[in-house]
Structures are given as C-alpha cells and as structure tokens.
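Order of listing sets the numbers, starting from 1, for every ligand and every atom in it. No hydrogens, no waters, no symmetry mates; every other heavy atom, side chains included, goes into these values. One is the number of the first residue; the rest follow in order along the sequence.
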Amino acid sequence: MQVTLEIFRFDPEKDTKPHFDRFVVDAEPEDRVLDLLEKVKSYHDGTLAFRRSCAHGVCGSDAMRINGANRLACKVLVKDIGTRIKVEPILGLPVERDLIVDMEPFFENYRSVLPYFINEEPAPEKERLQSPEARARFDDTTKCILCAACTTSCPSFWSDGSYYGPAAIVNAHRFIFDDRDQGAAQRLEILNQQMGVWRCRTAFNCTEACPREIHITQAIAEVKNAIITGRLD
Ligand code: SF4
Ligand code: F3S
Ligand code: FES
C-alpha cells in the first residue's frame, strides 16, 4: 500500500513561516508512523527533523500531533489511521525545527512541583517499608514517561503556558499520595497557587492523549480534593 504523509516543516535558518511537505511512501499496514518518518528521512529528505529513541513507547520522546491528536509516533499503526496522515509538532511549545519542539518550558513546569521523594528522617538500614495498599494509592501516576502529550493537548495550557499542566500535576500526585514522603503540604501549596490545579477546567483532553492510559483528570481531581479537605486518603 501507499501512504500520503503531510508533514509540518519549519527551518528557522531559512523559513520565515512553516509549511507542509507531502511525501508518498510504500507502507505495510503494521508499519508505525515512526517507521514512515524514518522512511522519509532515509529515502526522501534527510533534513526532516524529529525526536525518537526507544521506538517502543517507553522513552516518551516522539509525541506529535497525528491527524489532529497527540500520539506517540511509535505506537500508531497505519492500519488504524488510514493512508492519509498529517503529522505536526505538539502544540503550545516553541517549534525548534520541523517536528521538534523546545521541551524546556514543559520541564520547567515539571520541576516546579518538586517531583522527587522528600523525607528528612534518617533512612532505615534496609528500606522504607510500605504496605501494598499504600503503594497502590499512587500506582497509576508512577506510569508517566514525561512525553508531554497531555499538557500540550490542554486548552488551559494553550491559553497560558505558565499553567503547570497535567503532566506536572500527575508527577506531583505520585509523591503527594506516597505515605513515605513528607513533601505533600509543600506541593499542595504550590499547586493551590494561580498556575496550579485550579487552571484545570476538566477538559479531559489530557486523559484522552495519554499513551500510558493514566487517569489524569481523576488524579487532578484528587489533588484538588486534597487541597480543599487537607486529607490524603
Ligand atoms: Fe505523557 Fe501521560 Fe505522562 Fe502526560 S501523564 S506526560 S501524556 S505519560
Ligand atoms: Fe487540561 Fe486535562 Fe484539565 S486537558 S483542563 S488538564 S482535564
Ligand atoms: Fe520512545 Fe516512541 S520513540 S516512546
């Protein structure tokens, strides 16, 4: 079969504005969009720029807009989306070149919520024990691979990029509900500020976009509830 790809192009060194290039490539139904981009780069235009690493849905580096929806290019099969495929960079972050965006604003928001374990008490000799039930409390939000598909599909983030965004809140949730951690109050205070959870208007785009099927909107609701009630159950 043949697939027609419309790919967003922008080279800041020579373009004044973006445009789309069209490529027709041979494909198998089981090919992934990432395979097609590799074909374009290898056989049609070696200047095409995109990020990828693992090619197996683990590293989170190839989030892009595929036929209007944020997806990992390595997880979308041709047989599932048809033979006309439009590929664009994720929205809301500055385009550096073609499908590559500047991820620094995304990671700056992520760092703002203290996404790491905080406990000043001396560690036990072996490990900090936790019950299976307590571990299960935040299991869903441990699955994040920081691909940015959620945050860059969020209308609130599009309208103001200083909103921390769903990915940052997911990673705050992972520690807020960990009963070994002692930084919950600090994180909840940060997320109660102007650019925190109250910017979420429950649009659900983030949940639909997440390649790890994390219940993001629910995690945000749980953080909102913890702020209101002061309880972490
Ligand atoms: Fe990606 Fe999901 Fe993590 Fe958002 S929550 S960054 S969509 S893995
Ligand atoms: Fe945005 Fe997700 Fe809330 S898309 S508005 S963070 S539910
Ligand atoms: Fe690693 Fe797609 S290339 S997630």
Side-chain angles (χ1 to χ4, degrees), residues 31-39 41 48-66 68-78 80-81 87 89-93 98-101 103-113 115 138-177 191-225 227:
D31 277 345
R32 303 157 308 172
V33 171
L34 182 62
D35 298 320
L36 305 187
L37 294 175
E38 297 283 12
K39 274 185 199 178
K41 190 168 177 70
L48 177 64
F50 53 95
R51 285 197 183 98
R52 81 288 197 203
S53 182
C54 72
H56 291 285
V58 177
C59 72
S61 61
D62 61 341
M64 48 190 80
R65 255 167 93 80
I66 299 173
N70 281 6
R71 296 284 181 264
L72 297 179
C74 64
K75 287 192 77 173
V76 179
L77 303 183
V78 168
D80 293 330
I81 50 163
V87 188
I90 46 180
L91 297 176
L93 294 169
D98 297 341
L99 303 172
I100 295 179
V101 297
M103 293 288 283
E104 184 47 32
F106 172 79
F107 284 112
E108 194 181 327
N109 286 340
Y110 166 69
R111 287 190 293 269
S112 300
V113 303
F138 59 93
D139 191 59
D140 197 36
T141 46
T142 64
K143 294 187 291 185
C144 177
I145 55 173
L146 292 173
C147 68
C150 55
T151 296
T152 60
S153 69
C154 172
S156 292
F157 180 76
W158 295 337
S159 67
D160 187 341
S162 47
Y163 167 40
Y164 295 138
I169 302 169
V170 159
N171 285 278
H173 178 287
R174 181 259 171 267
F175 291 101
I176 288 168
F177 292 94
L191 289 170
N192 194 24
Q193 290 168 4
Q194 200 189 3
M195 292 305 160
V197 287
W198 309 113
R199 292 255 154 184
C200 168
R201 302 287 193 260
T202 328
F204 274 93
N205 293 16
C206 53
T207 302
E208 282 170 24
C210 181
R212 305 287 293 170
E213 297 178 357
I214 297 171
H215 300 96
I216 302 175
T217 312
Q218 182 184 323
I220 296 171
E222 289 173 4
V223 173
K224 287 177 176 173
N225 194 51
I227 291 170

Pull out every atom of ligand 2 sitting under 4.0 Å from any heavy atom of [X], numbered as shown with elements.
{"X": "T217", "answer": "7 (S)"}
{"X": "P166", "answer": "6 (S)"}
{"X": "I220", "answer": "6 (S)"}

With heavy-atom distances below 4.0 Å as the criterion, list the atoms of ligand 1 near [X].
{"X": "A167", "answer": "6 (S)"}
{"X": "C144", "answer": "3 (Fe), 5 (S), 6 (S), 8 (S)"}
{"X": "A148", "answer": "1 (Fe), 6 (S)"}

Nearest-0.5 Å distance that lies between atom [atom1] in [X] and atom [atom2] in [Y]:
{"X": "Y164", "Y": "R199", "atom1": "OH", "atom2": "CZ", "result": "11.0 Å"}
{"X": "K224", "Y": "T202", "atom1": "NZ", "atom2": "OG1", "result": "4.0 Å"}
{"X": "K75", "Y": "I66", "atom1": "NZ", "atom2": "CD1", "result": "12.0 Å"}
{"X": "K143", "Y": "R174", "atom1": "NZ", "atom2": "CZ", "result": "13.5 Å"}

Item to complete: Work out whether the distance between some heavy atom of G60 and some atom of ligand 1 is less than 4.0 Å.
Response: no
Got the closest protein heavy atom to [atom], with its distance?
{"atom": "atom 5 (S) of ligand 2", "value": "R201 N, 3.1 Å"}
{"atom": "atom 1 (Fe) of ligand 2", "value": "C154 SG, 2.3 Å"}
{"atom": "atom 8 (S) of ligand 1", "value": "I145 N, 3.4 Å"}
{"atom": "atom 4 (S) of ligand 2", "value": "C206 N, 3.4 Å"}

I need the contact type for [X] against ligand 2. Using non-hydrogen atoms and a strict under-4.0 Å cut-off, is it side chain, backbone, both or neither?
{"X": "F157", "value": "neither"}
{"X": "I216", "value": "neither"}
{"X": "N205", "value": "both"}
{"X": "Y163", "value": "side chain"}

Fill in: Side chain, backbone, both or neither: the part of L146 lying under 4.0 Å from ligand 1 by heavy atom
backbone
Worksheet item: How does A63 reach ligand 1, if at all, at less than 4.0 Å between non-hydrogen atoms: by side chain, backbone, both, or neither?
Response: neither
Worksheet item: Is it true that some N/O/S atom of C200, main chain or side chain, lies under 2.8 Å from atom 3 (Fe) of ligand 2?
Response: yes
Worksheet item: Between the side chains of N109 and T151, is a donor N or O closer than 3.5 angstrom to an acceptor N or O?
Response: no
Worksheet item: What residue pairs, at least two apart or across chains, pass side-chain hydrogen bond (donor to acceptor under 3.5 Å, both in side chains) with a residue in residues 49-59?
Response: E38-R52
Item to complete: Can you establish whether the number of heavy atoms outside E104 located under 6.0 Å from its atom CD is more than 12?
Response: yes
Discussion item. Angle between ring planes, H173 versus F177, binned at 30° and 60°: parallel, tilted or perpendicular?
Written reply: tilted
Worksheet entry | Environment of atom 1 (Fe) of ligand 3 in terms of protein N/O/S atoms, cut-off under 2.8 Å | C54 SG, C59 SG
Fill in: M103 versus I90, closest heavy-atom pair with distance
SD-CD1, 4.5 Å
